[in-house]
Amino acid sequence: MTDLVAAVLVAALIYGTSLAIWPYTACGRCSGAGKRRSPSGKAWRPCPRCGGTGRKERLGRRLLR
Ligand SMILES: [Zn+2]
């Protein structure tokens with residue numbers, strides 16, 4: 001039982017460290033491009049989901065704020 005608790009703690013520590021180093025993931029709407037292309041493929045506008053940044057805060061980081 002204590003082994004399981006220790007394993008969970010270690011996993012949480014590793015996950016927390018990865019959140020600190022890599023707080024963002026790619027926006028799901030634009031795949032991290034930050035652009036929404038028109039059907040022609042030439043014109044584009046900033047992605048409304050991420051505001052053109054192409055990034056999304058990871059789940060763990062949103063929960064910790
Ligand atoms: Zn986006």
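Just so it is clear, the structure is predicted and the values come from calculations on it, not from any experiment. Order of listing sets the numbers, starting from 1, for every ligand and every atom in it.
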Side chain to side chain contact (heavy atoms under 4.5 Å, CB included) against Ile14, all qualifying residues, sequence neighbours excluded: Val10
Under 2.8 Å from the Zn ion (ligand 1), which protein atoms of type N, O or S occur, listed by chain and number? Cys27 SG, Cys30 SG, Cys47 SG, Cys50 SG
Side chain to side chain contact (heavy atoms under 4.5 Å, CB included) partners of Ser38, counting only residues at least two apart: Ser40, Ala43
Tell me if a side-chain donor or acceptor on Arg36 pairs with a main-chain N or O of Arg29 at a distance below 3.5 Å. yes
Distance (rounded to the nearest 0.5 Å) between Leu19 CG and Tyr24 OH: 12.0 Å
Would you check if the side chain of Arg58 reaches a backbone N or O of Trp22 as a donor-acceptor pair within less than 3.5 Å? yes
Would you please name every residue forming a salt bridge (Lys or Arg N to Asp or Glu O under 4.0 Å) with Arg55, sequence neighbours left out? none
